[in-house]
Amino acid sequence: MTDVIIPVFNAFTDVVRCLDSVLRLTPVHARIVLIDDASTDPRIAPYLMQVQSLHAERVLYMQNESNLGFVHTVNRGMALSRHDVVLLNSDTEVTPEWLERLL
């Protein structure tokens with residue numbers, strides 16, 4: 001099992017592209033952890049909640065109450081994991097078999 005942690009702060013269009021590629025090209029046994037670092041863009045939270053609801057078996061969504069910054073947000077996600085962890089920026093677009101090759 002692998003946890004793919006994606007910290008999010010605004011950049012809605014990039015996040016949509018990122019999650020489209022991650023959801024399509026990541027094996028279903030990997031858990032995707034989305035952490036909204038108190039984005040100010042009002043589209044982010046509803047979108048991430050929708051992604052979680054559509055993919056509840058593999059997506060965990062969390063929201064910071066206040067902006068903690070990149071490092072603290074990533075550490076929050078890593079503290080939840082008991083598996084291998086891969087950290088992706090929210091503007092990353094993955095390619096076929098990306099996780100298998102990385103592992």
Side-chain angles (χ1 to χ4, degrees):
M1 179 102 169
T2 304
D3 287 336
V4 178
I5 298 173
I6 306 173
V8 175
F9 182 75
N10 294 328
F12 180 76
T13 303
D14 291 336
V15 171
V16 170
R17 280 196 304 258
C18 172
L19 293 180
D20 175 61
S21 70
V22 169
L23 290 167
R24 279 186 302 105
L25 300 171
T26 301
V28 294
H29 60 79
R31 179 171 69 163
I32 300 164
V33 180
L34 306 173
I35 308 173
D36 179 7
D37 193 17
S39 292
T40 56
D41 184 328
R43 299 172 294 176
I44 294 290
Y47 174 69
L48 297 180
M49 285 187 272
Q50 178 185 28
V51 168
Q52 180 186 33
S53 107
L54 293 172
H55 303 277
E57 71 286 348
R58 64 190 290 213
V59 173
L60 172 64
Y61 166 65
M62 301 167 55
Q63 187 174 34
N64 294 342
E65 290 184 25
S66 62
N67 185 278
L68 301 178
F70 182 82
V71 172
H72 289 295
T73 298
V74 168
N75 285 342
R76 182 176 182 213
M78 291 178 75
L80 296 172
S81 182
R82 300 292 175 253
H83 309 106
D84 291 332
V85 170
V86 175
L87 175 63
L88 291 181
N89 283 337
S90 62
D91 62 352
T92 303
E93 292 184 50
V94 298
T95 58
E97 298 182 9
W98 74 275
L99 186 57
E100 297 87 342
R101 287 181 283 149
L102 182 62
L103 294 173

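We count residues from 1, following the sequence as given.
Of all heavy-atom pairs between Cys18 and Asn89, the closest is SG-O, 3.9 Å. Of all non-hydrogen atoms in Asp41 and Phe12, the two that sit nearest each other are OD2-CB, 3.6 Å. When every heavy atom of Val51 is checked against every heavy atom of Leu23, the shortest pair comes out as CG1-CD1, 3.9 Å. Nearest approach of Ser66 to Asp37, heavy atoms of both residues: O-OD1, 3.7 Å.
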**Report entry** side chain to side chain contact (heavy atoms under 4.5 Å, CB included) between Val15 and Leu48, intermediate numbers included
**Finding:** CA-CA 9 Å; Val15 171; Leu48 297 180; 4.1 Å; yes

Query raised in the report: Between Thr92 and Trp98, is a side chain to side chain contact (heavy atoms under 4.5 Å, CB included) present by the stated rule, with each step listed?
Result: CA-CA 12 Å; Thr92 303; Trp98 74 275; over 6 Å; no

Query raised in the report: Could you walk me through whether Leu87 and Val74 pass the side chain to side chain contact (heavy atoms under 4.5 Å, CB included) check?
Result: CA-CA 8 Å; Leu87 175 63; Val74 168; 3.6 Å; yes

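Side-chain polar atoms of Ser90 and Asp14 form no donor-acceptor pair below 3.5 angstrom.
Atom CD1 of Ile44 sits about 6.0 Å away from atom CG of Asn10, to the nearest 0.5 Å. For the atom pair CD of Gln52 and CG of Leu19, the computed distance is 12.0 Å after rounding to the nearest 0.5 Å. In this structure, CG on Leu60 lies 8.0 Å from CG on Leu34, to the nearest 0.5 angstrom.
With contacts defined as side-chain heavy-atom distances shorter than 4.5 Å, the pair Thr26/Arg58 qualifies.
Within a 6.0 Å sphere centred on NE2 of His83, heavy atoms belonging to other residues, nucleotides or ligands number more than 12.
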